[in-house]
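One-based numbering, in listed order, for ligands and for the atoms of each.
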Amino acid sequence: MQRRRLPGTDLELSALGLGCWTLGGTWWGPDIDDARAQRTVHAALDAGLNWLDTAPLYGNGRADRIVAQALAGRPDVVVATKVGVRTTGEHAESDLSAAHIVADCEASLRRLGRDRIDLLQVHWPCERGTPLEESLSALSSLQERGLVRHIGLCNYDAPTLARARQLLPLASLQTPYSLLRREAEAALLPECATARGQPPRPLGVIAYEVLCRGLLTGRYRRPPDFPDSDQRSWDPRFQGPRFAHARSLLDDLQQVADKVGAPLPALSLGWALQQPGITLALAGARSPEQIQQSAQLGRLLDRPKLWSVVARIAALHGGS
Ligand SMILES: NC(=O)c1ccc[n+]([C@@H]2O[C@H](COP(=O)([O-])OP(=O)(O)OC[C@H]3O[C@@H](n4cnc5c(N)ncnc54)[C@H](OP(=O)(O)O)[C@@H]3O)[C@@H](O)[C@H]2O)c1
């Protein structure tokens with residue numbers, strides 16, 4: 001698996017990281033059991049992945065506990081997590097007050113059983129009016145205390161991101177990006193590519209939802225019927241014309257996948273990792289087999305002709 005450096009940091013990360021949301025649960029339908037979740041983490045490491053992405057929200061701490069158990073004795077594996085969401089029952093809201101940021105980070109450290117978080121990312125922008133300066137200064141204080149190595153943001157727009165980068169050296173931005181969702185190309189990726197800060201440097205971009213919650217694995221021939229507890233039951237991409245659009249793209253991609261003998265998830269992820277400005281990609285998984293399929297992109301990344309064919313198909317079908 002190719003390794004890529006997050007700009008301005010000492011983090012040399014596998015191009016693909018394991019996303020732990022499905023392992024923790026919350027809005028993904030029936031939970032998977034702990035043993036399978038841990039086997040999935042181990043399968044990711046065996047496939048050459050050296051980092052994973054979790055969050056307090058994922059199963060209200062359950063993903064963190066699974067990660068802590070699976071990574072016992074593996075301090076070499078890089079853990080990225082998030083901060084700043086407050087949950088009450090089914091309701092989740094961003095609270096970026098300094099007090100909540102500090103308490104949330106300290107709770108993550110306890111659950112993960114680590115002394116330091118390698119990459120701490122704000123989960124999503126503030127919904128309670130806390131000034132950006134206060135939130136960033138709380139993150140900076142965690143760094144000064146040695147509890148956090150690098151700081152990133154998720155889901156910020158380009159202007160707010162530009163302002164944040166002037167206030168604090170950041171390592172990364174996490175954003176949705178896939179064959180079916182390319183709006184980041186308009187302003188966000190150009191902002192990340194712009195060198196800022198002291199010394200000036202670009203910002204690493206971590207793409208999530210690259211498999212479009214499973215749609216871009218090609219597994220659904222018809223619009224699927226998810227239980228109400230699964231966020232995909234109300235996701236318009238799994239219904240009507242948007243599903244049909246995805247299906248026609250996937251039919252074309254399948255022909256390429258058959259020719260090169262690679263699974264569709266690997267092609268969808270590989271396409272994202274070929275795009276200018278995308279540093280790393282995340283894939284969620286519910287089983288060892290799923291992450292093993294995704295990880296097959298590792299043997300495809302250095303095949304430029306393959307990616308020019310995939311790029312032509314992507315252009316033909318456009319983004320939405
Ligand atoms: N920062 C943020 O706000 C944010 C938001 C979303 C996600 N993320 C991160 O990104 C990670 C990835 O999650 P995502 O939401 O982006 O989902 P995703 O990776 O686009 O999709 C994951 C789902 O795809 C299906 N899948 C994966 N490999 C498969 C295979 N080989 N064959 C068939 N199906 C397969 C599984 O669905 P089933 O479970 O149905 O089997 C899996 O749960 C998360 O875990 C999280 O770390 C971050």
As a check for students: among Gln290, Gln174, Gln231, Arg286, identify the option with a heavy atom nearest to atom 36 (C) of ligand 1. Gln290

Only heavy atoms of Gly19, strictly under 4.0 Å: list the atoms of ligand 1 that pass. 11 (C), 44 (C), 45 (O), 47 (O)

For ligand 1, is there an N or O atom under 3.5 Å from any N or O atom of Leu282? no

Between the side chains of Arg149 and Asp10, is the shortest nitrogen-to-carboxylate-oxygen separation below 4.0 Å, so that they form an ion pair? yes

Do Arg163 and Glu133 make a side-chain contact, defined as non-hydrogen atoms from C-beta onward lying under 4.5 Å apart? yes

Measuring from non-hydrogen atoms of Arg232 to any atom of ligand 1, is the shortest distance under 4.0 Å? yes

Taking all non-hydrogen atoms of both residues into account, name the closest pair between Arg62 and Ile32 and its distance. NH2-O, 2.6 Å

Could an N or O of ligand 1 be found under 3.5 Å from any N or O of Asp53, whether backbone or side chain? yes

Need the ligand 1 atom indices (1-based, order shown) with element for anything under 4.0 Å from a heavy-atom of Cys154. 1 (N)

Can you find a heavy atom in the side chain of Pro276 that is under 4.5 Å from one in the side chain of Leu189? no

Any idea which protein heavy atom is nearest atom 16 (O) of ligand 1, and the distance to it? Glu209 N, 2.4 Å

Less than 4.5 Å apart, any side-chain heavy atom of Cys212 and any of Thr217? no

Ligand 1 to Cys20 polar contact by distance, N or O atoms, under 3.5 Å: yes

Contact check, side chains of Ser94 and His123, non-hydrogen atoms, under 4.5 Å: no

Counting from 1 in the order shown, the ligand 1 atoms closer than 4.0 Å to a non-hydrogen atom of Pro265 are 31 (N)

Evaluate the criterion side-chain contact (heavy atoms from CB on, under 4.5 Å) for residue pair Gln231 and Trp21; output intermediate values, then yes/no. CA-CA 12 Å; Gln231 60 195 323; Trp21 190 1; 3.3 Å; yes

Below the 3.5 angstrom mark, is there an N/O of Ala285, backbone or side chain, next to an N/O of ligand 1? no

How far is atom 43 (O) of ligand 1 from the closest protein heavy atom, and which atom is that? Thr22 OG1, 3.0 Å

Which of the numbered atoms in ligand 1 are below 4.0 angstrom from a heavy atom of Ala283? 19 (O)

If you measure from each non-hydrogen atom of Ser287 to ligand 1, which part falls under 4.0 Å: side chain, backbone, both or neither? neither

heavy-atom search around atom 32 (N) of ligand 1 in the protein gives Gln293 OE1, 3.8 Å

Shortest protein contact, atom 34 (N) of ligand 1 (heavy atom only): Arg219 NH1, 2.8 Å

Which of the atoms of ligand 1 are close to Trp21, meaning less than 4.0 Å from one of its heavy atoms? 6 (C), 7 (C), 15 (O), 44 (C), 45 (O)

Among protein heavy atoms, which lies nearest atom 2 (C) of ligand 1, and at what distance? Tyr208 CE2, 3.4 Å

Smallest heavy-atom separation, Leu282 atom then Gly19 atom, equals CD2-N, 4.0 Å

pair Asp230-Phe238: side-chain heavy atoms closer than 4.5 Å: no

What one should report as the nearest heavy-atom pair of Gly152 and Leu119 is N-CD1, 4.0 Å

Return the residue, atom name and 0.1 Å-rounded distance of the protein heavy atom closest to atom 3 (O) of ligand 1. Asn155 ND2, 2.8 Å

Looking only at distances, please establish whether an N/O atom of ligand 1 is found under 3.5 Å from an N/O atom of Gly284. yes

Worked verdict on Tyr177 versus Arg182 for side-chain contact (heavy atoms from CB on, under 4.5 Å): CA-CA 6 Å; Tyr177 186 72; Arg182 300 178 62 170; 4.2 Å; yes

Answer yes or no for Lys82: is there a heavy-atom contact with ligand 1 below 4.0 Å? yes

Atom 21 (O) of ligand 1: nearest protein contact (heavy atom, Å): Arg213 CA, 3.4 Å

Given Gln174 and Asn155, is the side-chain contact (heavy atoms from CB on, under 4.5 Å) satisfied, shown in steps? CA-CA 6 Å; Gln174 227 187 86; Asn155 304 308; over 6 Å; no

For atom 15 (O) of ligand 1, what is the closest protein heavy atom, and at what distance to 0.1 Å? Trp28 CZ2, 3.6 Å

Can you name the nearest heavy-atom pair linking Asp235 to Arg213, along with the distance? OD2-NH1, 3.0 Å

